[in-house]
Amino acid sequence: MKTVTINLSSIDKVKSFVNDIAKFDSDFDLVSGRYVIDAKSIMGIFSLDLSKPIELNIHNEDNIDEVMEVLAPYLA
């Protein structure tokens, strides 16, 4: 598992983030404090405090280079 910190500060960023990671079969979790939600769930993301950076757990490292390339615009 790999963990990175991302920033989803606008509604458009959240929409494009979900569209980008939905292309992968891997599991992604967003962790904010004690809350852990599925990163592919747009409703779940909006339940978090988006004013602060959020940790993203990537559970499958098979194609990690491709995933990191897609995540580049969101990295904090």
Side-chain angles (χ1 to χ4, degrees):
M1 180 173 76
K2 181 173 177 70
T3 302
V4 295
T5 303
I6 62 169
N7 203 349
L8 300 173
S9 53
S10 71
I11 293 170
D12 291 332
K13 249 187 162 178
V14 171
K15 287 181 191 175
S16 60
F17 171 76
V18 171
N19 287 335
D20 287 345
I21 65 165
K23 299 171 188 170
F24 298 101
D25 288 334
S26 307
D27 287 331
F28 298 88
D29 290 329
L30 287 172
V31 180
S32 179
R34 63 181 183 175
Y35 300 104
V36 178
I37 60 120
D38 182 1
K40 294 180 181 179
S41 166
I42 199 162
M43 293 299 287
I45 293 173
F46 284 123
S47 72
L48 299 175
D49 180 6
L50 300 177
S51 65
K52 297 181 247 176
I54 304 167
E55 286 186 1
L56 174 68
N57 293 334
I58 305 163
H59 293 284
N60 185 357
E61 295 191 30
D62 290 345
N63 54 352
I64 195 69
D65 292 334
E66 187 180 349
V67 171
M68 292 307 294
E69 190 176 311
V70 168
L71 291 176
Y74 311 104
L75 296 177

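Atom set for the values below is all heavy atoms of this structure, side chains included, hydrogens, waters and symmetry mates excluded.
Partners of Asp49 according to the side chain to side chain contact (heavy atoms under 4.5 Å, CB included) rule, which considers only residues two or more places apart in sequence or in another chain, are Ser51, Lys52. Shown here are the side-chain hydrogen bond (donor to acceptor under 3.5 Å, both in side chains) partners of Asn57, two or more places apart in sequence or in another chain: Thr3. Not a single side chain to side chain contact (heavy atoms under 4.5 Å, CB included) links Pro73 to another residue, sequence neighbours left out.
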For residues 16-26, please give each side-chain donor-acceptor pair under 3.5 Å, one per line with the distance, not counting sequence neighbours.
from  : atom 1 : to    : atom 2 : distance (Å)
Ser16 : OG     : Asp12 : O      : 3.2
Ser16 : OG     : Lys13 : O      : 3.2
Ser16 : OG     : Tyr74 : OH     : 3.1
Asn19 : ND2    : Lys15 : O      : 3.3
Asp20 : OD2    : Tyr74 : OH     : 2.7

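Heavy-atom contacts from other residues, nucleotides or ligands closer than 6.0 Å to CG of Leu75 number more than 12.
The closest donor-acceptor contact from the side chain of Glu61 to the backbone of Met1 lies under 3.5 Å.
With side-chain heavy atoms closer than 4.5 Å counting as contact, directly or through intermediates, the hydrophobic cluster containing Val36 also holds Val31.
Note that CG of Leu30 and CD1 of Ile37 are 4.5 Å apart. Values are rounded to the nearest 0.5 Å. Rounding to the nearest 0.5 Å gives a distance of 11.5 Å between CD of Glu55 and CG of Asp29. In this structure, CG in Asp38 is found 8.0 Å from CD1 in Ile45, a value given to the nearest 0.5 Å. To the nearest 0.5 Å, atoms CD1 (Ile6) and CG (Leu56) are separated by 5.0 Å.
Among residue pairs with one or both ends in residues 38-64, none qualify as ring-ring contact (aromatic ring centres under 6.0 Å, His included); sequence neighbours excluded.
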